[in-house]
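Quick note: numbers below take in every heavy atom, side chains included, and nothing from hydrogens, waters or symmetry partners. Note that this is a predicted model, so its numbers are computed, not measured.
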Amino acid sequence: MKKNEITLTEEQMRERAAEGYFIRDLEKDRVYCPTGEILRKKSIRKNGDIRYANKMACKQCEYKSKCTRSVWKEVDFPEKVWEMRNVNWLKAEDRAE
């Protein structure tokens, strides 16, 4: 989706993230995780995807096991993508129901 096709407030982005998504704020170039933490740009991959992470937030997160089995979560976004499902998070939600 193109940048000018979607305009969400920070609150709306956090609400959508809480539903089990990683939401990228294209203007501020950061990502909100499902717990509301902010992931910052870490690198640009060879294929052009932008990698976001927040090691300290993940290390202290009580919900980390719902999100990833790694020490921390890294999320890669193609240039124009603003939303990505956290498949592990959504599966954990389904198991909890």
Supply the atom-to-atom distance [X] [atom1] to [Y] [atom2], rounded to the nearest 0.5 angstrom.
X: Lys66; Y: Asn86; atom1: NZ; atom2: CG; answer: 9.0 Å
X: Ile50; Y: Leu26; atom1: CD1; atom2: CG; answer: 8.5 Å
X: Trp72; Y: Lys64; atom1: CH2; atom2: NZ; answer: 10.0 Å
X: Asp25; Y: Met13; atom1: CG; atom2: CE; answer: 3.5 Å

Looking only at non-hydrogen atoms, find the nearest pair between Glu83 and Tyr21 and report the distance.
CG-CD2, 3.7 Å
Show me the side-chain donor-acceptor pairs of residues 28-36 shorter than 3.5 Å, one per line, residues at least two apart or across chains.
residue	atom	partner	partner atom	Å
Asp29	OD1	Tyr52	OH	2.4
Asp29	OD2	Lys41	NZ	3.1
Arg30	NE	Tyr32	OH	3.3
Arg30	NH2	Tyr32	OH	3.0

Scan residues 49-63 for pairs that pass salt bridge (charged side-chain N to carboxylate O under 4.0 Å, His left out), counting only residues two or more places apart or in two chains.
Arg51-Glu74, Arg51-Asp76
Under the salt bridge (charged side-chain N to carboxylate O under 4.0 Å, His left out) rule, what do Glu11 and Arg14 come out as? Steps first, then yes or no, please.
CA-CA 5 Å; Glu11 181 179 335; Arg14 287 181 184 272; over 6 Å; no
